[in-house]
Amino acid sequence: MRKYVIVFIAGILLVPAAFYLYLRSGYAPVSTSASPLPFERFFARLAMRATMSHELPKADAGPPTEAELVKGAHVYREYCALCHGLPDEPQTAISKGLYPHPPQFFKPGESTAYNPNLPYRPAKRKVYWKVKNGIRLTGMPSFKGALTQKQVWEVSQFLGNARNLPPNVIAVLEGKTEKPRQAASELNSHQQIASDHK
């Protein structure tokens with residue numbers, strides 16, 4: 001019986017010792033271009049699902065308004081587009097160099113056609129959690145300290161509707177703003193007032 005106990009303990013100690021020697025050997029993949037460690041994805045997903053199961057918000061923010069999608073687009077363009085892409089823009093070098101590769105929500109050639117008859121979808125709570133908390137060892141940062149809770153919901157709602165965005169939201173992604181239009185309308189208004197006084 002004692003012999004079996006010794007063998008059992010030796011077996012338990014052997015696994016971490018072998019893993020330590022493997023890491024010390026210099027053959028473990030640590031660069032972003034290398035293949036993942038055995039079972040790396042399995043354990044990462046297992047841990048993330050378990051954490052999310054008790055940390056997800058209990059309720060979502062409901063379907064967004066168009067104004068909320070516009071706000072979400074502004075947040076996305078400023079904080080997220082570098083890694084996750086913009087409509088009809090090539091994938092950035094930073095995005096290509098990350099591991100795991102960040103999902104591309106917009107790809108060249110993919111349609112972002114708008115259907116006004118489709119209702120906007122509420123944000124997925126998992127997306128909200130990822131934006132708020134980030135994901136360790138992936139390059140996905142936490143925006144808990146950079147964005148308000150409302151902004152996190154707005155960008156999450158935007159992502160949930162990335163395949164059905166109205167033209168004014170696409171304009172935000174393309175770097176177009178409403179300010180030039182406002183300036184032009186204000187100029188026309190001033191010109192009208194001036195002509196009325198003549």
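Keep in mind it's a predicted model, so treat the numbers as computed, not measured.
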If I compare all heavy atoms of N161 with all of R121, which pair ends up nearest, and what's the gap? OD1-N, 2.7 Å
Do the side chain of R125 and the main chain of P57 share a donor and acceptor less than 3.5 angstrom apart? yes
CG/L118 to CZ/R163 distance, rounded to the nearest 0.5 angstrom? 13.5 Å
Heavy-atom distance under 4.5 Å between the side chains of L173 and L165, does that happen here? yes
With a 3.5 Å distance limit and no angle check, can you tell me whether H74 reaches the backbone of V172 through a side-chain donor-acceptor pair? no
So which heavy atom on Y114 is nearest to which on P167, and how close? CD2-CD, 3.8 Å
Has the side chain of R49 got a donor or acceptor atom that lies under 3.5 Å from a matching backbone atom of A44? no
I need the K176 NZ to I170 CD1 distance, nearest 0.5 Å. 10.0 Å
Just by modelled atom types, is the T148 backbone N or O under 3.5 Å from a matching donor or acceptor in the Q151 side chain? yes
Taking all non-hydrogen atoms of both residues, which atom of N164 and which atom of N115 are closest, and how far apart? OD1-N, 2.7 Å
Which label fits Y76 and H84: parallel for a plane angle under 30°, tilted from 30 to 60°, or perpendicular past 60°? tilted
Under 3.5 Å, side chain of E78 to main-chain N/O of V75, donor-acceptor pair present? no
Cut-off 3.5 Å, side chains only: do S95 and Q91 have a donor facing an acceptor? yes
To the closest 0.5 Å, what do you measure between CZ (F106) and CD (E89)? 11.5 Å
Interatomic distance, CG@N133 vs CE@M48, rounded to 0.5 Å, equals 11.5 Å
Pairwise side-chain contact, F105 with L86, heavy-atom cut-off 4.5 Å (strictly under): no
Do you know which two heavy atoms are closest between Y120 and P63, and how far apart they sit? O-CB, 3.5 Å
Please round to the nearest 0.5 Å and tell me the distance separating atom NZ of K132 and atom OG of S156. 11.0 Å
Walk me through it: do L98 and C83 pass the test side chain to side chain contact (heavy atoms under 4.5 Å, CB included)? CA-CA 9 Å; L98 287 171; C83 293; 3.8 Å; yes
Can you name the nearest heavy-atom pair linking V155 to C80, along with the distance? CG2-SG, 4.2 Å
Which pair of heavy atoms, one from L69 and one from F158, lies closest together, and at what distance? CD2-CA, 3.7 Å
Look at the side-chain heavy atoms of Ile, Leu, Val, Met, Phe, Trp and Tyr, link any pair under 4.5 Å apart, and say whether L82 and L147 land in one connected group. no
Does V131 share a hydrophobic cluster with M52, counting links as ILVMFWY side-chain heavy atoms below 4.5 Å and allowing steps through other members? yes
Restricting to pairs with a member in residues 133-155, which pass salt bridge (Lys or Arg N to Asp or Glu O under 4.0 Å), not counting sequence neighbours? K150-E154
Quick check for you: to the nearest 0.5 Å, what is the distance between Q157 atom CD and Y128 atom OH? 11.0 Å
Same cluster or not: I94 versus Y99, using hydrophobic residues (I, L, V, M, F, W, Y) connected whenever any side-chain heavy atoms lie under 4.5 Å apart? no
